[in-house]
S.K.: 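Before we start, here is the structure in question, set down as structure tokens.
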Amino acid sequence: MASEKNRSTEFLTRLESRYDELKWLYCEVYNNDMQSFDALIESIGSFYESRRAGLKKLDRKAEDDPFRNGTNKLVGMMMYVDNFAGNLKNLKGKLDYIKESGVNYLHLMPLLKCPKERSDGGYAVSDFRCVQTELGTMKDLEELSKECHKNGISLCLDFVMNHTSEEHEWAKAARAGDPEAQRRYFFFDDWGIPSEYDKTVPQVFPATAPGNFTYLHDCGKIVMTTFHPYQWDLNYSNSAVFNDMVGNMLYIANMGIDVIRLDAVPYIWKQLGTTCRNLPRVHTLVRMMRLISEIVCPSVLLLGEVVMEPSKVVPYFGTPEKPECHMLYNVTTMATIWHTVATKDVRLLKKQMEQISWLPKNYVFLNYLRCHDDIGWGLDYAYLGNFFMSEVPHKRFLNDYFTGNFDGSKSHGELYNNDERIGDARLCGTTASLCGIEDAINKNDQYQLDISVDCDVLLHAFMFTLSGIPVIYSGDEVAQLNDYSYHDDPDKAADSRYLHRGKFDWDLAAKRNDESSVQGRVYLSLSKLEKIRSDHPVFTAGASFCTLDTWSDNVLGIKREYSDQTLYCYFNFADSYRQFSFGAEISGKDLISGNDISGNSFELKPYGFMWILSE
Ligand code: GLC
Ligand code: GLC
């Protein structure tokens, strides 16, 4: 085994049990380049050595149980540091609010150095080892992580690995003509090969950033840019890229980051003649990263950002013997929830729940209603075909519905990347605005406001019912509305995702304990749900669950079972009263109302729900 010098036994033990597989995979991708492999092992060894004692302690605990106390006790929140607190130092002073909100997993949106104008919300990194000046320093990040750990909060940070900013030092050198640096990207002299790629590679931003390649006028070359023209795709078939990016990942892990979000991971391997998404090599690279993190920093969890159809998502968990990501976004469920809001028909959501119910219990999903990105309509159209719904018109309906252009809809969303050619668009908006709260406030319509608040709470309750880790987008806990100010900012105006990335409104938060305010109603409801969830092990990811027949297309029933607890959950997605059947006689206590329930049918109010525990 390479480079054993002076490494501690702990490192060597972890390395030894993974060495053969790591070497095998590396040699397969990098053509038996043992010199680079030895350099990698040497480098990860030094990251182990420089890891703080406190983090190594966490590592030892996590080796047995990566999710520590059980997933039912975890609640996440995601936020842009500047929007929430201005900078990292101020954020440290605001941990009380985060704790009060029941949050113990905090995802800070990209905060590493990136050009101000061409930043894609922080996803165009120009220096992986430096924090944006306005937000603070690496030292501040490390201090924040220590303070979070003291308070039982885990920190998640993005690792934007598919590309760098055009202002990264590698990109600058490549532009200046350095061939070694050019090999870190995909550089071409003419459009021959790029146009071959374009035959099979779809577009991520067809309207806001069309094309997969960018012509560089100053050096007369063409570079691959899957996302924006200023985000240059890294070439992972170059071992120097892999080694250096692993170093960058471990660097942030050593700052005390507990969860690393692998941004846009399906895109990291490119091959002519394919879609350049989800290629087998991507899985090899992720598996290697998992092995490396298990060797150096086993308490660090990998969260894969795989925004794809279900059959593409699940393979990123790997297999029980050869796991890849610890966690993945439950993206299909998220999109299906919004489909259910628009149609008020739970059949597709029921089908989706059935599909995930058979997955192994150690596959942990990150559940969310919305994030910093758009909502894409990746639904099971084959199944919807049974109800005579087909893809293009159904997407149009959903987009009309959530932009308030459908009769009866109270949603205020905006389209995202409207591709007129294929009649396709995605959607943006905060949870509250999509649920109709904004419309009701504008119109001063009390009845509508009550219904919309109930809808918002119902969706959160449904998210809390799912196995995995629920993550709230900062501001949603106090029903924050859309922020239209981005329309006036030339750097943002073209990107409607800024609609739901507004500054956190502390005046709204000040009303959080006032039960008569919208903010209080949402905030206190979520707090109550979180508390129930954390007090009952039946909500853990280890529980089994299945759907229940309710004899109503508006009411979804889910049963969760764990040790001696059984939980019957019912959600009415209609905006009017609904009678439904329990299917059989059940008795227990509704944890929401506190009432004892027994019988075989029930009626739920508009957007009403229940969690009936029977022990
Ligand atoms: C991820 C991010 C998104 C960004 C893209 C490119 O998908 O979530 O915001 O635009 O990566 O880095
Ligand atoms: C697409 C990509 C996803 C990215 C998003 C950005 O959905 O698949 O990775 O987050 O676009 O809007």
Side-chain angles (χ1 to χ4, degrees), residues 76 78-83 107-115 117-126 128 132 156-168 171 185 201-212 214 223-234 236 245 248-249 259-270 276-278 282 286 302-309 312-313 316 325 327-331 334-335 366 368-376 378 416-417 426-429 471 473-474 486 491-492 494-502:
M78 61 186 297
M79 56 172 61
Y80 273 101
V81 175
D82 53 345
N83 283 340
H107 174 189
L108 301 181
M109 301 304 294
L111 44 75
L112 299 180
K113 205 158 198 134
C114 63
E117 284 85 32
R118 293 154 78 82
S119 76
D120 188 21
Y123 287 95
V125 180
S126 54
F128 290 93
Q132 290 164 29
C156 167
L157 209 69
D158 282 85
F159 178 48
V160 186
M161 62 179 307
N162 176 67
H163 43 259
T164 74
S165 153
E166 61 181 349
E167 298 204 3
H168 189 276
Y185 299 95
V201 182
Q203 302 197 26
V204 180
F205 300 130
T208 54
N212 288 304
T214 300
V223 63
M224 182 185 280
T225 53
T226 303
F227 291 84
H228 293 95
Y230 52 82
Q231 291 167 307
W232 294 9
D233 290 71
L234 283 167
Y236 278 89
M245 289 304 281
N248 288 333
M249 176 179 90
V259 179
I260 292 186
R261 176 183 181 276
L262 302 179
D263 178 59
V265 63
Y267 301 82
I268 62 176
W269 193 267
K270 317 292 194 290
C276 294
R277 279 131 169 84
N278 310 301
V282 172
V286 177
L302 301 181
L303 162 64
E305 192 232 354
V306 183
V307 180
M308 298 279 159
E309 65 262 37
K312 299 289 183 340
V313 173
Y316 286 86
C325 294
M327 289 190 281
L328 293 172
Y329 286 84
N330 203 345
V331 55
M334 183 276 290
L366 188 154
Y368 62 124
L369 296 174
R370 61 102 169 183
C371 65
H372 66 297
D373 280 331
D374 47 289
I375 300 170
Y416 183 66
N417 268 280
R426 286 129 53 187
L427 191 96
C428 296
V471 176
Y473 192 95
S474 165
Y486 84 95
D491 294 333
K492 298 181 173 162
D495 194 334
S496 51
R497 290 177 296 175
Y498 288 102
L499 181 68
H500 54 235
R501 295 177 182 174

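Just so you know, these numbers use all the heavy atoms, side chains as well, and skip hydrogens, waters and symmetry mates. Computed from a prediction, not measured in an experiment: that's the story for all the values here. If you read the sequence from its start, that first residue is 1, and numbering goes on from there. Atoms within a ligand are numbered from 1 in the order they appear, just like the ligands themselves.
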S.K.: Working to the nearest 0.5 Å, report the span between CG of Leu302 and CE of Met249.
M.R.: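 Output value for this atom pair is 6.0 Å.
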
S.K.: Could a heavy atom of Gln231 be found less than 4.0 Å from some atom of ligand 1?
M.R.: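 Judged by the 4.0 Å heavy-atom criterion, Gln231 does count as contacting ligand 1.
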
S.K.: Closer than 4.0 Å to some heavy atom of Phe227 - which atoms of ligand 1 meet that?
M.R.: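 Atoms satisfying the 4.0 Å criterion: 5 (C), 6 (C).
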
S.K.: Distance from Leu427 atom CG to Asp373 atom CG, nearest 0.5 Å?
M.R.: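 If we round to the nearest 0.5 Å, Leu427:CG and Asp373:CG are 12.5 Å apart.
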
S.K.: Would you mind running through ligand 1 and noting each atom that sits below 4.0 Å from a heavy atom of His372?
M.R.: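 This gives 2 (C), 3 (C), 8 (O), 9 (O) as the contact atoms.
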
S.K.: Going by the order shown, which atoms of ligand 1 are within less than 4.0 Å of some heavy atom of His163?
M.R.: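 Once the distances to His163 are compared, the set is 6 (C), 12 (O).
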
S.K.: Going by the order shown, which atoms of ligand 1 are within less than 4.0 Å of some heavy atom of Asp373?
M.R.: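 It comes down to these atoms of ligand 1: 2 (C), 3 (C), 7 (O), 8 (O), 9 (O).
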
S.K.: What are the atoms of ligand 1, with element, lying closer than 4.0 Å to any heavy atom of Arg497?
M.R.: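 Reading through ligand 1 atom by atom, the close ones are 3 (C), 4 (C), 9 (O), 10 (O).
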
S.K.: Less than 4.0 angstrom from a charged side-chain N to a carboxylate O is my criterion; do Asp120 and Arg497 meet it?
M.R.: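 Looking at Asp120 and Arg497, the cut-off is met.
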
S.K.: List every atom of ligand 1 that sits less than 4.0 Å from any heavy atom of Asp120, numbering the atoms from 1 in the order shown and giving each element.
M.R.: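 Heavy-atom distances to Asp120 below 4.0 Å select 4 (C), 5 (C), 6 (C), 10 (O), 12 (O).
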
S.K.: What part of Phe205, side chain from CB on, backbone N/CA/C/O, both or neither, has a heavy atom under 4.0 Å from ligand 1?
M.R.: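 The answer is the side chain of Phe205.
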
S.K.: Indicate whether the side chain of Asp158 and that of His107 have a donor and an acceptor atom separated by less than 3.5 Å.
M.R.: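 Looking only at side-chain atoms, His107 and Asp158 do form a donor-acceptor pair, the distance falling under 3.5 Å.
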
S.K.: Between Asn212 and Pro202, which heavy-atom pair has the shortest distance, and what is it?
M.R.: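 Of all heavy-atom pairs spanning Asn212 and Pro202, the closest is ND2-O, 3.4 Å.
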
S.K.: Quick one: list whatever passes ring-ring contact (aromatic ring centres under 6.0 Å, His included) with Tyr498, sequence neighbours left out.
M.R.: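 Scan of Tyr498 (ring-ring contact (aromatic ring centres under 6.0 Å, His included), adjacent residues dropped) gives none.
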
S.K.: Who pairs with Tyr230 by ring-ring contact (aromatic ring centres under 6.0 Å, His included), at least two apart in sequence or on another chain?
M.R.: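 Tyr230 satisfies ring-ring contact (aromatic ring centres under 6.0 Å, His included) with His228 only.
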
S.K.: Check ligand 1 against Glu305 and write out every atom of the ligand that is under 4.0 Å from a heavy-atom position of the residue.
M.R.: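 Ligand 1 atoms under the 4.0 Å threshold to Glu305: 1 (C), 7 (O), 8 (O).
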
S.K.: Can you tell which part of Arg261 has a heavy atom less than 4.0 Å from ligand 1: side chain, backbone, both or neither?
M.R.: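 Side chain only; the backbone of Arg261 stays clear of ligand 1.
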
